[in-house]
There are 2 protein chains.
Amino acid sequence: MSRQAPTLEDVAREAGVSRATVSRVVNGVRNVDPAIQESVRQAISRTGYAPNQAARSLVTRRTETVALVVSGAGDVSEEEQNAFAARVVTDPFFGRVVSGVVGQLRPRSMHPVLMFAETDEARQDVVTYLRQGSADGALVVSTHADDPLPALLAGAGLPAVLFARPSRPVALSYVDLAHRDGGRLAAEHLLGRGCRRVVTVSGPLDVSASQERLAGFRDTMARHGHAYVPLAQGGFTVDSGMAAMTELLAEHPDVDGVFAANDLMAQGICQVLRERGRRVPHDVAVVGFDDSSVAVTCRPPLTTVRQPVEDMAAAMARLLAEHIGGVRTEPTSIIFDPELVVRESA
Amino acid sequence: MSRQAPTLEDVAREAGVSRATVSRVVNGVRNVDPAIQESVRQAISRTGYAPNQAARSLVTRRTETVALVVSGAGDVSEEEQNAFAARVVTDPFFGRVVSGVVGQLRPRSMHPVLMFAETDEARQDVVTYLRQGSADGALVVSTHADDPLPALLAGAGLPAVLFARPSRPVALSYVDLAHRDGGRLAAEHLLGRGCRRVVTVSGPLDVSASQERLAGFRDTMARHGHAYVPLAQGGFTVDSGMAAMTELLAEHPDVDGVFAANDLMAQGICQVLRERGRRVPHDVAVVGFDDSSVAVTCRPPLTTVRQPVEDMAAAMARLLAEHIGGVRTEPTSIIFDPELVVRESA
DNA sequence: CATCCTCGGGAGAGCGCTCTATCCGGTTCA
DNA sequence: TGAACCGGATAGAGCGCTCTCCCGAGGATG
């Protein structure tokens, strides 16, 4: 970067028109004479002009940037922060979120800036970041039901869209899945296969999605005469799935069906079952949740309840863009339906 | 956001001082009378002032934002773009990169914006994004050796730091691993265990890291009398590892050692071996590469060559910050040493 | 032929901040 | 006592862009 970058002024002089006209050409607004348009374009490429985003933002009050925030509850220590980031990013679920979001933002020339807000301070940073106009809005994925961030955002009147309904009502749009129906689908499938001694590994019960999946599952089991379904709580990771299954297996060695609240845990469950000499699905049927990439790579491939994460994330981005653009003003919710995907594990 | 956001002017009026003084307090520069400092601070919290980042950027020419770019080579179709993003983000490797980068950026109050540049157009977008001052610099992770992005960035004189040495020399800083030494470590370990019929699954050979790991491995094997090591090329994914091992096993059923160029493939390899009735490590020893999270969750846990990705990513961020700040002007390279981590698979 | 539009273009006022030049009042020192 | 100095604050000039207003030249209209 040797000399000063060319400005609108330079291009205008080069093309022999006014700043305003160049601006009009660049932004494609109003009718500009095609001949002048062309000469401006040439002047632009001759000077190698690139509009200064800061100057533009200063007057438009738009940055074409949104914050993609993964927020937890409570406080974690300084060094845990990075571990949190690593864990979140590595989760196949997050990959699908990013994929869906980017797919929507790209055609709108918008960009996501990644933020992790697992401490109160970090959450305050997110609010400040938005308040100072560094981003136009936020897409929030909470890892806990009682995440305080949505309320902070709503309180500051900042545009935001949530993944999953917040535990306490907040005046923000969100997308969610009918988790309860997902639990029902899993139960019906296991029952349909003739499973009679079914157990379940739930997600963390402070996450409402976990509660709902479990509730839907248990309700359906109950309605078919299975009043009690043994439960172990997991943490949505492979490890926690293994631990939970080990525990359940000790108490219920005759188990013939398992519902796991996500695929990662289902994978761990399959691993434990195999190590204990149980064949999946012959001896024990396993149903996962999410239909993430591991559902396919898992041995055996998982029968699972599909959550259309990419579509949900895309919807989030779309909603946020509409809120930012002022097209949509009222908080809106979009609930997606789960779908059973039958593979080999059940 | 009901009324207009308060500006410096408002705070100044409220505190009974000039704009400049408030600015100094906000930015903590120069000597300001402690009493005035305090009254300004109070005025700030009373008005709920948050500095406008666009206005600030306009004059400082800094955004405190960096682009975190994952760039491929060649062109992929429109719909493959999202798949690319999903695949990249989900890779545990990327999670570690993000973790390391965020760890460095956070204390500097900088933020990463995520960009995927797997088409020529997308790469051009990255350059434009930086040229218009939307970000102060770029951290580039290339998925292919002949990625054209580094040259574009260097050509435009934009601050950037690369993960891995570019195939053609470019005037940019980079961090890298001594991959060749990593291959050597793997070979020595397998030989030390007494393996005599060793095969290897490499990464894509258009990635220089793959070539180097393979070269280091083969050289060492050759030096110990093993002139020929059967090879199958994989794609750094579990699936490709499985396919490669299936192939190798068909031609070399008596194999007793495998070196995989990353952990994901090693995991696939272990799976195939188990399915074929081979015990790991008893019948076949498997050495992976990376020491990623799957090395621990894999059954059996993987003996692997550790790549300190977090540290490397942190170094990238640090280098970039120095380049942006003008503290460092010459392109610099930092090469990290791999380390063997012995677990159960070999 | 006067009037009213429409269309293409220019002038210029900011957007909210930083930063240099400047000023002011009080001390120090020749 | 006056010049030099210095910490501490202000005034004001931009940074590069958008956007509203305005103007002038045609063309349509009555």
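Below, read A as the first sequence line, B as the second, and so on, with proteins coming before strands; counting in each chain starts at 1.
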Considering just the side-chain nitrogens and oxygens of A/Asn27, establish if one lies under 4.0 Å of OP1 or OP2 belonging to D/dT18. yes

Counting only side-chain nitrogens and oxygens, does A/Arg19 get under 4.0 Å of the OP1 or OP2 atom of C/dG9? no

Rounded off to whole Å, could you give me the CZ-to-C1' distance for the A/Arg61 and D/dG16 pair? 15 Å

Please tell me which of the listed nucleotides, C/dG10, C/dT18, D/dC17, lies nearest to the side chain of A/Val17? C/dG10

Taking 4.0 Å as the cut-off, does a side-chain nitrogen or oxygen of A/Thr60 come that near to OP1 or OP2 on D/dC17? no

May I have the distance from A/Gln37 (atom CD) to C/dC7 (atom P), rounded to whole angstrom? 15 Å

I need the CZ-C1' distance between A/Arg56 and D/dC15, as an integer number of Å. 16 Å

Candidate nucleotides C/dG14, C/dG9, D/dA9, ranked by approach to the side chain of A/Val59 - the nearest: C/dG14

Determine yes or no for a side-chain-to-main-chain donor-acceptor pair under 3.5 angstrom, with A/His323 supplying the side chain and A/Arg328 the backbone. yes

I need the CG-P distance between B/Leu58 and D/dA13, as an integer number of Å. 17 Å

According to a strict under-4.0 Å criterion, is A/Thr7 in side-chain N/O contact with OP1 or OP2 of D/dG16? no

Tell me if the side-chain of B/Arg24 makes a donor-acceptor pair with the base of D/dT10, cut-off 3.5 Å, by modelled atom types. yes

Using a cut-off of less than 4.0 Å, is there contact between a side-chain N or O of B/Ser23 and OP1 or OP2 of C/dT18? yes

Separation between CG (A/Leu153) and CZ (A/Arg131), nearest 0.5 Å, reads 11.5 Å

Tell me the interatomic distance from B/Ile44, atom CD1, to C/dC17, atom C1', rounded to whole angstroms. 14 Å

What is the distance from CG of B/Asn52 to C1' of D/dC17, rounded to the nearest Å? 13 Å

Would you mind reading off the distance between B/Gln132 atom CD and D/dT18 atom P, rounded to a whole angstrom? 11 Å

Checking side chain to side chain contact (heavy atoms under 4.5 Å, CB included) between A/Val66 and each of A/Ile324, A/Val113, A/Leu130, which is the one that passes? A/Ile324

Hey, what do you get for CG (B/Asp125) to OG (A/Ser109), rounding to the nearest 0.5 Å? 7.0 Å

Atom CG of A/Leu8 and atom P of C/dG10 are separated, to the nearest Å, by 13 Å

Nearest heavy atom decides the nucleotide; on that basis, is A/Ala20 or B/Tyr49 closer to the 5' end of DNA chain C? A/Ala20

Calculate, to the nearest 0.5 Å, the distance between atoms OG1 and CD belonging to A/Thr60 and A/Gln53 respectively. 7.0 Å

